[in-house]
Amino acid sequence: MKFKKTALITGITGQDGSILADFLLKKNYKIIGIKRRSSSFNTERIDHLYTKHVLNKSYFPYYGDLTDTSNLIRIIQQTKPHEIYNLAAQSHVRTSFETPEYTANADALGTLRLLEAIRILKLEKKIKFYQASTSEIFGNTKIPQNEKTPFAPTSPYAISKLFSYWTVINYRKAYNIFAVNGILFNHEGERRGATFVTRKITRAVANYFLGNKEILYLGNLNAKRDWGAADDYIKTMWMMLQQKKPSDYVISTGVSKSVKDFVNEAYKCIDVKVIWKGKGVKEIGIDKKTKRTIIKIDKYYFRPTEVHELKGDSSKAKKELKWKPKISFKKLVKTMVESDIDKLKNLNFN
Ligand code: NAP
Ligand code: GDD
């Protein structure tokens, strides 16, 4: 089979990596995926690639890690990709406060290692590089945030990602590498990790719908995020690498909602109206019909420093990439709740 191009995806087992792999396979790419060795299964999101694509040789998994320089050099040397999508990261903001050194190693130095590997192998002219940057680098700056907004990162995760952001720009200027930062705002979907707040909520709602009356414990209900759909956002990664000139882009919906808004919308999908009572850590969410307490606050989920509101302005992407999001907040929440109900039903059935 003749492939158009070869793409190397780090973080292929994650939400974005798995969706990007599906997207690029449809475009007749050969995919090289880097996955970590794990004592339990970590390939649930890409298992479908094994049966279909390993057999027709369009998908090649490699064991690797962003903290292992020689491993990264060897994979790039052996596979000579046209495009590298660096999506691997310790991507959980709260966890980064507990593992700051590891987060910096993977999320900051990992990017440097990949770009250095390109230089060491003299592939500067041959490989295009996409870096998964993030709206977290803006921290608590004025909204809406765009490519010209100053950065004020407020977590080890965001600081590490900002190191990568500047490294990409430096390697672009210093060595003429086609390297870009996609500054993506929060994007969610059926494959979202269960410890991120949206999926945590939609799973709890699905459980409640199916009769499990456990309380959902959350942290800061007032933080606001610009939540988009991963299915809308992933294609922009590829689009950025198809431009004539490398440049950095903000990808967002331009609408920001609070965690509480998300909770209200998610329970609405199963016809439950949430009534809020109390303040601060004493605030609770009650099912209006049954009067049952369904949501409580647990301080454990608070962060030492919080980003209060993210809201993006993606006019540049709209103009230059001709991109705009299609999936609304309502539709996103509904899809996630329905998908979790289906998944849990199947689990119970088995
Ligand atoms: P995710 O679901 O947490 O996936 C992260 C991926 O990175 C997983 O495949 C994980 O492997 C892998 N990984 C973690 N540490 C690694 C290491 N040291 N070496 C190699 N692989 C490693 O994250 P996501 O939501 O798909 O996000 C993808 C990228 O975009 C991340 O860099 C994230 O920081 C960034 N980002 C995400 C969003 C968003 O809203 N989703 C927004 C902006 C930026 P395991 O499966 O083995 O854990
Ligand atoms: N995870 C989590 N769990 N967050 C909670 C909870 C909870 O129980 N309760 C409230 N929150 C609040 C957090 O304090 C934060 O303000 C907001 O919900 C969103 O948290 P996450 O879903 O963990 O995402 P994030 O915004 O911190 O980070 C995500 O988006 C970034 C882009 O802005 C991740 O995907 C990052 O990797 C990504 O860069």
Side-chain angles (χ1 to χ4, degrees), residues 9-21 33-38 40-46 62-68 71-72 85-96 99 102-103 105-107 109-111 113-114 130-139 145 153-155 157-158 160-161 164 181-189 191-201 204 216-230 233-234 237 250-252 257-260 262-263 295 297-303 305-310 312:
I9 304 176
T10 73
I12 194 160
T13 57
Q15 171 189 250
D16 290 7
S18 65
I19 300 174
L20 180 67
I34 297 187
K35 61 167 187 165
R36 299 194 287 183
R37 144 82 190 145
S38 165
S40 48
F41 293 120
N42 63 350
T43 54
E44 190 194 345
R45 297 184 181 102
I46 53 165
Y62 279 74
Y63 279 111
D65 199 296
L66 282 195
T67 60
D68 183 343
N71 156 269
L72 296 175
Y85 294 87
N86 182 30
L87 309 186
Q90 189 302 93
S91 70
H92 201 279
V93 175
R94 194 190 162 281
T95 305
S96 77
T99 60
Y102 172 70
T103 302
N105 195 357
D107 298 12
L109 294 181
T111 310
R113 288 184 185 103
L114 285 167
Y130 173 88
Q131 168 60 16
S133 190
T134 163
S135 45
E136 275 288 308
I137 60 178
F138 294 122
Q145 292 110 349
T154 65
S155 65
Y157 168 77
S160 306
K161 284 284 189 177
S164 285
N181 288 294
I183 310 172
L184 271 55
F185 281 60
N186 299 50
H187 45 277
E188 320 294 314
R191 296 189 193 177
R192 184 56 144 155
T195 61
F196 297 99
V197 76
T198 55
R199 186 78 198 287
K200 186 172 163 182
I201 296 166
L216 166 62
Y217 285 92
L218 291 171
N220 180 5
L221 295 172
N222 301 315
K224 289 182 156 184
R225 290 291 181 274
D226 180 335
W227 277 300
Y233 284 29
I234 298 308
M237 300 175 178
V250 158
I251 301 296
S252 63
K257 302 264 187 193
S258 68
V259 173
K260 203 186 263 184
F262 197 102
V263 171
I295 299 141
I297 304 297
D298 185 338
K299 280 198 285 192
Y300 172 82
Y301 298 110
F302 290 160
R303 290 150 192 209
T305 43
E306 171 71 288
V307 173
H308 302 297
E309 181 165 14
L310 291 172

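Throughout, numbering of the chain's residues begins at 1 and tracks the sequence. Both counts, for ligands and for their atoms, begin at 1 and track the order of listing.
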message: Under 4.0 Å from a heavy atom of V93: which atoms of ligand 2 are those, numbered in the order shown and with their elements?
response: 27 (O), 28 (O)
message: With a cutoff of 4.0 Å, is Y157 in contact with ligand 2, counting heavy atoms of the residue only?
response: yes
- request: Output yes when a side-chain donor or acceptor of Q15 lies under 3.5 Å from a complementary backbone atom of H187, and no otherwise.
  value: yes
task: With heavy atoms only and a cut-off of under 4.0 Å, state how L218 meets ligand 2: side chain, backbone, both or neither.
output: both
- request: Give a yes/no verdict on whether any heavy atom in H308 is under 4.0 Å from an atom of ligand 2.
  value: no
message: So does N186 get a backbone contact from the side chain of D226, meaning a donor-acceptor N/O pair under 3.5 Å?
response: no
query: Is the closest heavy atom of R94 to ligand 2 under 4.0 Å?
result: no
message: If we ignore hydrogens and angles and just use 3.5 Å, is the side chain of R191 paired with the main-chain N or O of G14 as donor and acceptor?
response: no
- prompt: Cationic tip of K200 within the cone over Y301's six-membered ring, i.e. under 6.0 Å and within 45° of the normal?
  reply: yes
- request: Check whether any side-chain heavy atom of H308 lies under 4.5 Å from a side-chain heavy atom of N222, and answer yes or no.
  value: no
field: For K200, atoms of ligand 2 separated by under 4.0 Å from a heavy atom
entry: 7 (C), 8 (O)
statement: One finds that the ligand 2 atoms under 4.0 Å from a non-hydrogen atom of E306 are 13 (C), 14 (O), 15 (C), 16 (O)
message: For L310, which part has a heavy atom under 4.0 Å from ligand 2: side chain, backbone, both, or neither?
response: side chain
task: Within a distance under 4.0 Å of any heavy atom of G219, pick out the atoms of ligand 2 and give their elements.
output: 6 (C), 8 (O), 9 (N), 10 (C)
task: Measure the distance from atom 20 (O) of ligand 2 to every protein heavy atom, then report the residue, atom name and distance (to 0.1 Å) of the closest one.
output: R303 NH2, 3.4 Å
query: Against heavy atoms of T195, which atoms of ligand 2 measure under 4.0 Å?
result: 1 (N), 2 (C)
query: Under 4.0 Å from any heavy atom of S91, which atoms of ligand 2 are there?
result: 34 (C), 36 (C), 37 (O)
query: Of all the atoms in ligand 2, which lie at a distance below 4.0 Å from a heavy atom belonging to A223?
result: 16 (O)
- prompt: Does the T43 side chain pair with the main chain of I46, one donor and one acceptor, at a distance under 3.5 Å?
  reply: no
- prompt: Ring centroid separation for H92 and F196, is it under 6.0 angstrom?
  reply: yes
query: Counting heavy atoms only, which of L216, V197, V263, D226 comes nearest to atom 6 (C) of ligand 2?
result: V197
message: If we count only N and O atoms by modelled type, under 3.5 Å, do the side chains of N86 and T10 hold a donor and an acceptor together?
response: yes
- prompt: Can you tell me if T103 and S96 form a side-chain donor-acceptor pair at under 3.5 Å?
  reply: no
- prompt: What protein heavy atom sits nearest atom 15 (C) of ligand 2, and how far away is it?
  reply: R225 NH2, 3.5 Å
- request: Decide whether an N or O pair under 3.5 Å exists between S135 and ligand 2.
  value: yes
query: ligand 2 versus K161, non-hydrogen atoms closer than 4.0 Å: side chain, backbone, both, neither?
result: neither
Region of V259 engaging ligand 2 - heavy atom pairs below 4.0 Å: side chain
query: Do ligand 2 and T134 have nitrogen or oxygen atoms that lie under 3.5 Å from each other?
result: yes
query: Does the R36 side chain pair with the main chain of G64, one donor and one acceptor, at a distance under 3.5 Å?
result: no
- line: Of I183, L184, N220, N186, the one whose closest heavy atom lies nearest atom 10 (C) of ligand 2 is N220
query: How far apart are the closest heavy atoms of T67 and R113, and which atoms are they?
result: CA-NH1, 3.4 Å
- prompt: Are side-chain heavy atoms of L20 and L87 found at a separation under 4.5 Å?
  reply: yes
query: Hey, are N181 and Q131 close enough side-chain-wise for a donor-acceptor pair under 3.5 Å?
result: no
- prompt: Is there a donor-acceptor pair under 3.5 Å between the side chain of D68 and the backbone N or O of N71?
  reply: yes
message: Is the positively charged end of R225 above the ring of F262, judged by distance under 6.0 angstrom from the centroid and angle within 45° of the axis?
response: no
- prompt: Which is it for R192 and ligand 2 at heavy atoms under 4.0 Å: side chain, backbone, both or neither?
  reply: side chain
- request: To the nearest 0.5 angstrom, please state how far the CD atom of E136 sits from the NZ atom of K161.
  value: 11.0 Å
query: Hey, which residues fall under 4.0 Å of ligand 1 on heavy atoms?
result: G11, T13, G14, Q15, D16, R36, N42, D65, L66, L87, A88, A89, S91, Y102, A106, A132, S133, T134, Y157, K161, L184, F185, N186, H187, R192
